[in-house]
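All of these numbers come straight from a predicted model, not from anything done at the bench.
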Amino acid sequence: MAKTDEAASGDAALGYEQARDELIDVVRRLEAGGTTLEDSLALWERGEELAKVCHRWLEGARARLDAALAEPAEQE
């Protein structure tokens with residue numbers, strides 16, 4: 001299933017905590033079982049999208065920290 005532009009822009013607007021919390025919910029639902037194969041696949045795909053959002057946030061935070069830590073060394 002291809003993600004629509006609207007869904008992609010919605011994911012981009014998610015904050016880290018919001019994406020993480022939704023990802024936790026997706027994992028809980030998958031672990032609980034009792035869903036159809038189609039629903040399980042949809043949940044899995046959503047989880048993958050949310051994991052990517054979280055990863056982008058963490059990479060951005062890492063880049064900001066690296067930049068902040070490098071700044072004092074550049075001023076000397």
Side-chain angles (χ1 to χ4, degrees):
M1 286 183 197
K3 201 162 65 163
T4 64
D5 289 339
E6 186 177 312
S9 65
D11 285 347
L14 283 177
Y16 172 77
E17 289 81 5
Q18 192 177 12
R20 181 202 60 211
D21 291 346
E22 187 178 342
L23 179 57
I24 289 168
D25 183 56
V26 166
V27 171
R28 284 185 185 143
R29 291 172 62 191
L30 283 169
E31 288 178 340
T35 58
T36 65
L37 177 60
E38 187 174 327
D39 288 343
S40 294
L41 287 173
L43 283 169
W44 179 270
E45 290 169 345
R46 182 63 182 154
E48 288 291 325
E49 293 167 9
L50 292 164
K52 288 176 186 175
V53 171
C54 290
H55 182 75
R56 283 193 299 269
W57 273 105
L58 292 172
E59 286 298 314
R62 181 176 304 165
R64 288 175 63 189
L65 285 172
D66 289 345
L69 291 172
E71 196 171 281
E74 293 173 0
Q75 292 177 354
E76 293 177 8

### Summary
In short, side-chain hydrogen bond (donor to acceptor under 3.5 Å, both in side chains) pairs touching residues 57-66 with sequence neighbours left out are Glu59-Arg62
### Message
I'd like to know if Ile24 and Val53 are part of one continuous hydrophobic network [Ile/Leu/Val/Met/Phe/Trp/Tyr, side-chain heavy atoms within less than 4.5 Å].
### Response
no
### Summary
Here the side-chain hydrogen bond (donor to acceptor under 3.5 Å, both in side chains) pairs for residues 12-34, sequence neighbours left out, are Glu22-Arg46
### Message
According to a hydrophobic-cluster definition based on side-chain heavy atoms being under 4.5 Å apart (Ile, Leu, Val, Met, Phe, Trp, Tyr only), do Val26 and Leu41 belong together?
### Response
no
### Query
CG/Leu14 to CD/Glu49 distance, rounded to the nearest 0.5 angstrom?
10.0 Å
## Note on the structure
When every non-hydrogen atom of Thr35 is compared with those of Ser40, the smallest separation belongs to OG1-OG, 2.6 Å
